[in-house]
Visitor: 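The structure follows.
Proteins get letters first, then strands, A, B, ... in listed order; numbering begins at 1 in each. In what follows, every heavy atom counts, from backbone to side chain, and hydrogens, waters and symmetry copies are set aside.
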Amino acid sequence: MRLSKYFVPTLKEVPNDAVVISHILMLRSGMVRMLSAGIYSFLPLGYKVIKKISEIIREEMDAIGGQEFHLPALNPREIWEETGRVEAFGDTMFHLKNREYVLAPTHEEIMTFHARNVVKSYKDMPQIWYQIQTKFRNEPRPRSGVIRGRQFLMKDAYSFDTSWEGLDKSYELHDKAYRKIFDRCGLKYFVVGASSGAMGGTGSEEFMVKSSAGEDTVAYCESCGYAANVEVATSRIDAAERDAESKSIYEISTPNVHSIDELCDFLVIDETQCAKSRIYLNNDKPVLILMLGNDEVNETKLEKVLGGNIRPAHPEELKDISGADAGSIGPVGFSGRIIADNRLKNANNMFSGANKNDYHIGGIDFNRDIPNIEYADLRIVQSGEGCPRCEKHLEVFPAIELGHIFKLGTKYSEAMGANFLDENGKEHPIIMGSYGIGVERVMACYIEQNHDANGIIWNKLLAPFQVHLLGLNLKKQEVSDTCAIIYNELKHNNIEVLFDDRDVTAGFKFNDADLLGMPIQVVIGEKKLKENKCEVKVRKTGERFDVELSGLMNKVKELLG
RNA sequence: CGGGGUGUAGCGCAGCCCGGCUAGCGCGCUUCGUUCGGGACGAAGAGGUCGUAGGUUCGAAUCCUAUCACCCCGACCA
């Protein structure tokens, strides 16, 4: 492809609205343009990458027996009523105004619809059906460019089995296929086992990559691969030590001391001697939560322990409940339910609030002074804490979900009456799995992980072109002749080549080449040409070397091999 | 939905507080010439209903009201 004829509107300046690096580079390299918030057009260069990713996905899905469909995005609303998901999705689902249609945010219902009409016998299964299709979700707040859009490409697959063992097998196949897909794409990813959430099911895994643009926070151990959403993650961390002797409790005047840090400074003690108090309302009943030092309450864990609804008490409510404002609340004399984090188990000689403004209490023995106390794991893990599975340490960071595999079970088949007859002529609901990959996210995450100050660094599998041929000063006959020969030769060797034949200065071409990021750059200039040589640059390492024209093709093949 | 911010040429911005003649600057674009291995130089050009609608005023990019769009933080997120 000749760049002079190719629509690749590169940008030197960073567009005002782009914040995350993948978004900036996708705009600057002329791969995408925004049409509206969370709605992007893919330009020729960007679409080429999308097609490469899709092809990798296709190959791996086909390899596990997947069959590709192309389903409508426009769906009758009544199909979605069958499973109650019109309500479940709520405002996230787009509705048409002039007909009872919705825009599909995913395709469980549609695949199940087709299955129930045709898949009637145990002999018809297993099946794996997939598609790569545009999904629509009315995200309240699109962000991070293509990473969270209102319209996005998703590979979604659905498995249909006659037994739970069959489902396990289908799930396993997808797990392996997903690893191959992300490996081939060159992504550094990890797998988080997650609770199945609102989809309803019995098992799921999320494929994540670390990214500052991420919307989930995960705890990850590089050493053993432990990975968990921070909402459920645990860690190895020391509990408070119990002194041999328990002092008796005593009240201390602590004017203007409101935080654990201030308390530590004021009394010259360590934060591990303090119990921080938080009051939550659980179904409108107050519960005192005690954390060691500055540990944060993990509300997801708390919710699991308490059941029902929880919310932090409003500042105005605190005094009624405890007799003090935030900063002076504590367990001694507190009348409601008290739950302490496991790190506080059996602790003694502790400091906490006195339930009286500007006073704290010292010498608290949790066993002696707080009857009816309960313990649970309630803390949010922090970077650097011990991995719960091995000897190393956890890292906590934001991450993006790239893919999700899911054992759906019979939720959709039961709701929609997708049943089959077994060997004995008995009817059962089909057992389903669902498996998604965000195609644009693969692209964006790749760029997040593979770029430098000058631009994108494509690997050969995702690169829109393998070779970027730069002809410097094409007004020189020998330069343009040589370029034409090399260009044709590369094409004849089935090497995808982008030929910068524009009449712009060398620096312009070099910078665009680095920005676009093809793996290999071949530079044809007057100087080197006098010695029958050209320059080859490897984008990833930045290394460059002179190559005899006669050996160029072999060198390129070697570098791409 | 709550908080903050921004809309002025294709892109990045100044001007707005304190209203005033023809709305500027850089990049990009067009033409000609010179250049030609890390975003060249000179000359001459094209391009804007200042987001939209209403209002105040002799006069509005500038002040007021409404509205729309976009960005950031939060809430939300199969």
Visitor: Return the value, rounded to whole Å, for the distance between atom CZ of A/R502 and atom C1' of B/G37.
Guide: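 So the CZ-C1' distance, A/R502 to B/G37, works out to 15 Å.
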Visitor: Scan A/K528 against the nucleic acid and name what it touches under 4.0 Å (heavy atoms): base, sugar-phosphate only, or nothing.
Guide: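 A/K528: base contact, heavy atoms under 4.0 Å.
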Visitor: Classify the ring geometry of A/W458 against A/Y446: parallel below 30°, tilted from 30° to 60°, perpendicular beyond 60°.
Guide: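 The arrangement is parallel - the two ring planes meet at less than 30°.
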Visitor: Is B/C1 paired to anything, Watson-Crick or G-U wobble with both distances less than 3.5 Å, and if yes, which nucleotide?
Guide: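 With both distances under 3.5 Å, B/C1 matches B/G74.
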Visitor: Using atom NE2 of A/H468 as one end and atom P of B/G38 as the other, report the distance to the nearest whole Å.
Guide: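 Taking atom P of B/G38 as the reference, NE2 of A/H468 is at 16 Å.
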Visitor: Considering the options A/E109, A/E82, A/E414, which one meets the salt bridge (charged side-chain N to carboxylate O under 4.0 Å, His left out) requirement together with A/R116?
Guide: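 By the salt bridge (charged side-chain N to carboxylate O under 4.0 Å, His left out) criterion, A/R116 pairs with just one of A/E109, A/E82, A/E414: A/E82.
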Visitor: Side chains of A/S22 and A/E448: donor-acceptor distance under 3.5 Å anywhere?
Guide: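 On atom types as modelled, these side chains qualify, holding a pair under 3.5 Å.
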Visitor: Of all the nucleotides listed (B/U35, B/C77, B/G37), which has the minimum atom distance to the side chain of A/K475?
Guide: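 In terms of side-chain proximity for A/K475, the closest of B/U35, B/C77, B/G37 is B/U35.
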Visitor: For A/V14 and A/G507, find the nucleotide of RNA chain B closest to each by heavy atoms; which residue's nucleotide sits nearer the 5' end?
Guide: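 Its nearest nucleotide being more 5', the pick is A/V14.
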Visitor: Which whole-number value in Å describes the distance from A/N511 CG to B/C27 C1'?
Guide: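 The answer, rounded to whole Å, is 14 Å.
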Visitor: Whole angstroms only, please: what is the CZ-C1' distance between A/R311 and B/A75?
Guide: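 Between C1' of B/A75 and CZ of A/R311: 16 Å.
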Visitor: When the distance from CZ of A/R141 to C1' of B/C76 is rounded to whole Å, what number comes out?
Guide: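 A/R141 atom CZ is separated from B/C76 atom C1' by 11 Å.
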Visitor: Taking pairing as Watson-Crick or G-U wobble with both contacts under 3.5 Å, can you name the mate of B/G20, or confirm there isn't one?
Guide: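 The answer is B/C58, by the H-bond criterion.
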Visitor: Look only at the side chain of A/K210 and the backbone of A/F397, and say whether a donor-acceptor pair between them is shorter than 3.5 Å.
Guide: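 A pair under 3.5 Å: no.
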Visitor: Send over the distance from A/L27 CG to B/C71 P, rounded to a whole Å.
Guide: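 In whole Å, B/C71 P and A/L27 CG are 11 Å from each other.
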Visitor: Under a 3.5 Å cut-off for both contacts, is B/C25 paired Watson-Crick or G-U wobble with anything, and if yes, with which nucleotide?
Guide: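 Its partner is B/G12 (Watson-Crick or G-U wobble, both distances under 3.5 Å).
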Visitor: Please state how far atom CD1 in A/I39 lies from atom C1' in B/A69, giving the value in whole angstrom units.
Guide: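 The answer, rounded to whole Å, is 12 Å.
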Visitor: Using atom P in both nucleotides, what's the gap between B/C21 and B/C17 to the nearest angstrom?
Guide: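 Roughly 13 Å separates the two P atoms.
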Visitor: Could you check whether the side chain of A/R148 and the base of B/C77 have a donor-acceptor pair of N or O atoms closer than 3.5 Å, going by distance alone?
Guide: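 When only heavy-atom distances are counted, A/R148 does reach the base of B/C77 through a donor-acceptor pair under 3.5 Å.
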Visitor: If we take the P atom in both B/A44 and B/U8, what is their distance in whole Å?
Guide: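 So the two P atoms sit 29 Å from each other.
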Visitor: A/M93 near the nucleic acid: base, sugar-phosphate alone, or nothing, with a heavy-atom cut-off under 4.0 Å?
Guide: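 Nothing, no heavy atom under 4.0 Å.
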Visitor: Could you work out the separation of B/G5 and B/C41 based on their C1' atoms and round it to a whole Å?
Guide: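 Roughly 40 Å separates the two C1' atoms.
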Visitor: What nucleic acid atoms does A/K12 come within less than 4.0 Å of, heavy atoms only: base, sugar-phosphate, or nothing?
Guide: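 Base: the residue A/K12, judged by heavy atoms under 4.0 Å, touches a nucleobase.
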Visitor: Looking across every strand, which nucleic acid part, if any, lies under 4.0 Å from A/K135 by heavy atom: base, sugar-phosphate, or nothing?
Guide: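 Nothing, no heavy atom under 4.0 Å.
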Visitor: Sub-3.5 Å donor-acceptor pair from the side chain of A/Y178 to the main-chain atoms of A/Y435, do we have one?
Guide: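 Looks like yes, one N/O pair under 3.5 Å.
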Visitor: My understanding is that a pair needs two contacts under 3.5 Å, Watson-Crick or G-U wobble. By that rule, which nucleotide pairs with B/A40?
Guide: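 Looking at the geometry, B/A40 pairs with B/U34.
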Visitor: Could you tell me the separation between the CG atom of A/D17 and the P atom of B/G5, rounded to a whole number of Å?
Guide: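 The distance from CG of A/D17 to P of B/G5 comes to 17 Å, rounded to the nearest Å.
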Visitor: Could you tell me how far B/A69 sits from B/C25 if I compare only their P atoms? Round to whole Å.
Guide: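 Their P atoms lie roughly 33 Å apart.
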Visitor: Under 4.0 Å between any heavy atoms, over every strand shown, what does A/V504 touch: base, sugar-phosphate, or nothing? Just pick one.
Guide: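 A/V504: no heavy atom of the nucleic acid under 4.0 Å.
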Visitor: What distance, rounded to whole Å, do you find between the two P atoms, one in B/A9 and one in B/G15?
Guide: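 Roughly 15 Å separates the two P atoms.
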Visitor: Within a strict 4.5 Å, meaning less than it, do heavy atoms of the A/D295 and A/I380 side chains meet?
Guide: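 They are not in contact (no side-chain heavy atoms under 4.5 Å apart), so the answer is no.
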Visitor: Write down the distance separating the P atoms in B/C18 and B/U65, rounded off to the nearest Å.
Guide: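 Per the computed distance, 14 Å lies between those P atoms.
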Visitor: Using the side-chain heavy atoms of A/P140, tell me which of these nucleotides is nearest: B/A40, B/G12, B/A75.
Guide: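 Of B/A40, B/G12, B/A75, B/A75 is nearest to the side chain of A/P140.
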Visitor: Test for a donor-acceptor pair under 3.5 Å between the base of B/G38 and the side chain of A/R544, counting only N and O atoms.
Guide: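 Present.
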Visitor: Within the 4.0 Å heavy-atom criterion, would you say A/D91 contacts the bases, only the backbone, or no part of the nucleic acid?
Guide: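 Touches nothing.
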Visitor: Within the 4.0 Å heavy-atom criterion, would you say A/E535 contacts the bases, only the backbone, or no part of the nucleic acid?
Guide: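 Touches a base.
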Visitor: When you compare B/G20 with B/C50, how far apart are their P atoms, in angstrom units rounded to a whole number?
Guide: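 B/G20 and B/C50 have their P atoms separated by 15 Å.
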Visitor: Of the listed nucleotides (B/C76, B/C70, B/G37), which one gets closest to any side-chain atom of A/A37?
Guide: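 So the nucleotide nearest the side chain must be B/C70.
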Visitor: Distance criterion of 3.5 Å, no angle test: do you see the side chain of A/N473 paired donor-to-acceptor with the base of B/G37?
Guide: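 No, the side chain and the base share no sub-3.5 Å donor-acceptor pair.
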Visitor: Got a donor-acceptor pair under 3.5 Å from the side chain of A/E526 to the base of B/G37?
Guide: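 Looking at the base of B/G37, it does not pair with any donor or acceptor on the side chain of A/E526 (distance under 3.5 Å).
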Visitor: Centre-to-centre under 6.0 Å for A/H23 and A/Y40, is that the case here?
Guide: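 Yes, close enough.
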Visitor: Quick one: which of B/A75, B/G37, B/G12 gets closest to the side chain of A/V523?
Guide: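 Nearest nucleotide to the side chain: B/G37.
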Visitor: Is the ring pair A/Y220/A/F190 parallel, tilted or perpendicular, if the boundaries are 30 and 60 degrees?
Guide: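 Answer is parallel, since the angle falls under 30°.
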Visitor: Could you check which nucleotide pairs with B/U49 in any of the strands shown, counting Watson-Crick or G-U wobble with both distances under 3.5 Å?
Guide: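 Result: none.
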Visitor: Using only modelled atom types and a 3.5 angstrom limit, is any donor from either the side chain of A/E13 or the base of B/G28 paired with an acceptor on the other?
Guide: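 There is none.
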Visitor: With salt bridge (charged side-chain N to carboxylate O under 4.0 Å, His left out) as the test, would you mind laying out the steps for A/E139 and A/R150 before giving the verdict?
Guide: CA-CA 6 Å; A/E139 295 294 346; A/R150 294 212 167 107; over 6 Å; no
Visitor: Reckon A/S36 touches a base, only the sugar-phosphate, or nothing at all at heavy-atom distances under 4.0 Å?
Guide: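 If one applies the 4.0 Å heavy-atom cut-off, A/S36 turns out to touch the sugar-phosphate alone, with no base involved.
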Visitor: Can you figure out which of B/G12, B/G38, B/C70 approaches the side chain of A/D514 most closely?
Guide: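 Per side-chain heavy atoms of A/D514, the pick is B/G38.
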Visitor: Could you please name the option among B/G37, B/G12, B/C77 that lies closest to any side-chain atom of A/N16?
Guide: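 Between B/G37, B/G12, B/C77, the one nearest the side chain of A/N16 would be B/G12.
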Visitor: If I pick the P atom on B/G48 and the same atom on B/G10, what distance separates them, to the nearest angstrom?
Guide: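 Their P atoms lie roughly 8 Å apart.
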Visitor: How do A/F89 and A/T10 order along RNA chain B: which one's closest nucleotide is nearer the 5' end?
Guide: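 The residue mapped nearer the 5' terminus is A/T10.
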